[in-house]
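Working notes for the structure below.
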Amino acid sequence: MKIFCSRANPTTGSVEWLEEDEHYDYHQEIARSSYADMLHDKDRVFKPMADAAVKIVEKNGFSDKILVINKHSTEVTVGPEGDMPCRANILVTELFDTELIGEGALPSYEHAHRHLVEENCEAVPHRATIYAQLVESRRMWSWNKLFPIHLQTSLGEQVIVPPVDLENCPGAPSVCDIQLNQVSPADFTVLSDVLPMFSIDFSKQVSSSAACHSRQFEPLTSGRAQVVLSWWDIEMDPEGKIRCTTAPFWAHSDPEEMQWRDHWMQCVYFLPQEEPVVQGSALCLVAHHDDYCVWYSLQRTSPEKNERVHQMRPVCDCQAHLLWNRPRFGEINDQDRTDRYIQALSTVLKPDSVCLCVSDGSLLSVLAHHLGVEQVFTVESSAASHKLLRKIFKANHLEDKINIIEKRPELLTSEDLKSRKVSLLLGEPFFTTSLLPWHSLYFWYVRTAVDQHLGPGAVVMPQAASLHAVVVEFRDLWRIRSPCGDCEGFDVHIMDDMIKRALDFRESREAEPHPLWEYPCRSLSEPRQILAFDFRQLVPPRPLCAEGTMELRRPGRSHAAVLWMEYHLTPECTLSTGLLEPADPEGGCCWNPHCKQAVYFFSPVLDPRAPLGGPQTVSYVVEFHPGTGDITMEFRLADTPDSPLLGNKVA
């Protein structure tokens, strides 16, 4: 039986459904599941994958003691003819995500206590507690709100202001989960102590009903309350002697012995509005939750014990949080990035320029207008981005000065452009469907499609792009691909073998997008330009190919190659979606925090406890296929030309 799966198509800038082999999703899920990362977590209680559990149980000699029931717990029956002969007296689960309850822990526990376990049973883990800390952080607040954008023009300073409903919008309902340990302490000001917000005793009846929990505190310093940082810990036993915590380093009891995790990180919640707080003036932080989500509010007085606080889950009503994700908000609010575009635009614009902007939900058209372009058109193919930009234009009195065309750019007609020829084709480029860095090459296909609308000597910005790579050693991210072997004396080689077979599958050898600012690594090679794409020319009919070698100049373990795109706005101005500056002497990397980079893990991933040595060069063959927009790539970690080929495919 064939199945359908989604895939980004760089030639059309859209997500399409393709027919794949029936095993596709199975292998894709296993290869990218990070189950190995969970088993490397020595504090964790875990549930093996259902399709491997039976074999693992058998191999470890527990077939007569462990029965694997391949069902959701809410479908398990109890009784003489049921899946379980009687109710259990111990409940062992792992239903938690970074937010604790986001994977449905509350309704699952609620059902288990009502139907599957005895009253007063023991539960492992026994109890969980959620903690919160109020902070002021311009950096994190920039992931949630649109800031005024300043630009210097020949007429003086101009300011692009956000619409009122963007300022008043409570934001997206989903939690922002990140590796909080990688946020510099200089990027936020602590306004409160760490507050235990609420606990859940899993050995007793659990309710999934909506509730709120209030904690009074006195601000440690005056400032603007914007963000709540949150994490949790779980106590495995009733006495709380065995504990697992997701606390960041500054709240951890033993920072030197912290367990790295990627399956459980920390939460960033945005208050509906920023509020001024005064040092020593008592306030109440309120944690609200329903069956799947947590959110926070700040109140001046504490709710009475029996008083219910009616606070609806935050829902975006301004469109921006539906169109822009958190990194995109940060990217648009990056004034340095905006200044680079202004600098580049100033060198190519003329008073009689006719500008066509092609990027999703971009404000480049506003920059072009303020810099003196005679006529500006912007193409928005989605109704959401069209509606949002209309709001922004209206708030800045530009609704009759910038023309929004709601259609796919490939379908543009001369009438859409009012019979004008375009003298400047402009893109960031940014497209919401782009998953990997080179998916934004869709801009090149658009440039080709609108060629008939470009006038003589028309300028294309960016004028070119290039694909770059570097070989790295990760401090921790290697764990998500490292075999487990034994876990607490339990042989899980069967799972390792299953994951390895999944990684040999075609689809599962593709690139993985990761925001590398959250995952420290060292560069072992110098960055290398792999391919170049000239946007001044049409997409070529034949593939672009490159091959070469990268010398490893620093000692270390080669875990992966990292790839990214650089966009050359003009010969003098380049924007990188990857490395922002040369590596430091130790190989430390500074990555663009607004973009995800593409990671190609070598196989097998080397455990950092393994001895140094091995290949001194990495050979590569890269090919761009213009017909599909695919990039295929093969790596060779080599001491000699006969070393085995590590084939990674990119799409």
Side-chain angles (χ1 to χ4, degrees), residues 38 43-47 50 69 71-79 82-84 86-132 173-175 177 195-215 228 230-247 263-267 269 285-297 303 305-313:
M38 298 180 188
D43 294 341
R44 186 181 174 99
V45 174
F46 71 94
K47 176 181 178 295
I69 303 171
K71 288 184 177 180
H72 191 282
S73 65
T74 57
E75 299 172 350
V76 172
T77 57
V78 178
D83 300 307
M84 297 168 54
C86 62
R87 286 177 176 251
N89 57 13
I90 299 178
L91 178 60
V92 182
T93 61
E94 197 289 271
L95 300 169
F96 313 125
D97 66 348
T98 295
E99 199 173 17
L100 186 71
I101 67 171
E103 291 183 358
L106 295 182
S108 295
Y109 271 110
E110 185 175 44
H111 176 272
H113 278 284
R114 288 179 177 174
H115 301 284
L116 302 180
V117 299
E118 298 175 355
E119 189 176 356
N120 298 320
C121 73
E122 187 48 74
V124 181
H126 181 81
R127 182 186 297 105
T129 301
I130 286 183
Y131 299 88
S174 58
V175 66
D177 54 340
L195 306 173
M197 296 306 300
F198 63 94
S199 296
I200 304 171
D201 187 336
F202 299 123
S203 68
K204 299 177 181 179
Q205 180 63 57
V206 173
S207 173
S208 62
S209 299
C212 70
H213 309 269
S214 176
R215 290 290 178 268
V228 175
S230 182
W231 56 90
W232 49 260
D233 64 27
I234 51 178
E235 298 171 2
M236 299 298 184
D237 60 311
E239 293 77 26
K241 295 179 180 179
I242 305 173
R243 178 173 295 189
C244 172
T245 182
T246 62
H263 47 277
W264 293 333
M265 295 185 278
Q266 293 79 37
C267 300
Y269 296 95
L285 185 64
V286 184
H288 311 259
H289 74 80
D290 54 21
D291 49 351
Y292 282 90
C293 291
V294 178
W295 63 97
Y296 287 86
S297 65
K305 185 173 182 181
N306 297 322
E307 177 188 350
R308 294 191 62 185
V309 177
H310 295 280
Q311 176 94 7
M312 297 296 293
R313 182 196 301 183

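Please read these numbers as outputs of a predicted model, since none were measured by experiment.
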Rounded distance (nearest 0.5 Å) linking atom [atom1] of [X] with atom [atom2] of [Y]:
X	Y	atom1	atom2	result
Thr129	Asp201	OG1	CG	10.0 Å
Glu118	Asn89	CD	CG	5.0 Å
Ser203	Asn120	OG	CG	8.0 Å
Asp97	Asp177	CG	CG	8.0 Å
Ile130	Ser199	CD1	OG	9.0 Å
Cys212	Asp290	SG	CG	12.5 Å

Could you report the tightest heavy-atom contact between [X] and [Y], atom names first, then the distance?
X	Y	answer
Trp295	Tyr269	CA-CD2, 4.3 Å
Met197	Leu285	CE-O, 3.3 Å
Asp237	Ile242	OD1-N, 2.9 Å
Ser108	Leu95	CB-CD1, 3.7 Å
Glu110	Ser208	OE1-OG, 2.6 Å
His289	Phe198	CD2-CZ, 4.0 Å

I'd like to check [X] versus [Y] (side-chain heavy atoms, cut-off strictly below 4.5 Å). Are they in contact?
X	Y	value
Glu75	Ile69	no
Leu116	His111	yes
Gln205	Arg114	yes
Leu100	Thr246	no
Val294	Val175	no
Cys121	His113	yes
Phe202	Leu91	no

Determine whether the side chains of Ser297 and His288 contain a donor N or O and an acceptor N or O closer than 3.5 Å.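 Judged by distance alone, the side chains do pair up.
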
Classify the side-chain pair Thr93/Tyr109 by whether it contains a donor and acceptor separated by less than 3.5 Å.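 Tyr109 and Thr93 do have a side-chain donor-acceptor pair below 3.5 Å.
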
His126: what forms a ring-ring contact (aromatic ring centres under 6.0 Å, His included) with it, not counting sequence neighbours?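 Scan of His126 (ring-ring contact (aromatic ring centres under 6.0 Å, His included), adjacent residues dropped) gives none.
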
Verify, without hydrogens or angle tests, whether [X] (side chain) and [Y] (backbone) share a donor-acceptor contact under 3.5 angstrom.
X	Y	result
Thr77	Asp83	yes
Ser230	Tyr131	yes
Trp264	Phe96	yes

Does Lys204 NZ have over 12 foreign heavy atoms under 6.0 Å away?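 No, NZ of Lys204 has 12 or fewer neighbouring heavy atoms, counting only those of other groups under 6.0 Å.
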
Taking only Lys NZ, Arg NE, NH1 and NH2, and the carboxylate oxygens of Asp or Glu, determine whether Glu235 and Arg127 approach each other closer than 4.0 Å.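 Salt bridge between Glu235 and Arg127, a charged N being under 4.0 Å from a carboxylate O: yes.
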
Could you go through the side-chain contact (heavy atoms from CB on, under 4.5 Å) check for Ser73 and His115 one step at a time? CA-CA 10 Å; Ser73 65; His115 301 284; over 6 Å; no

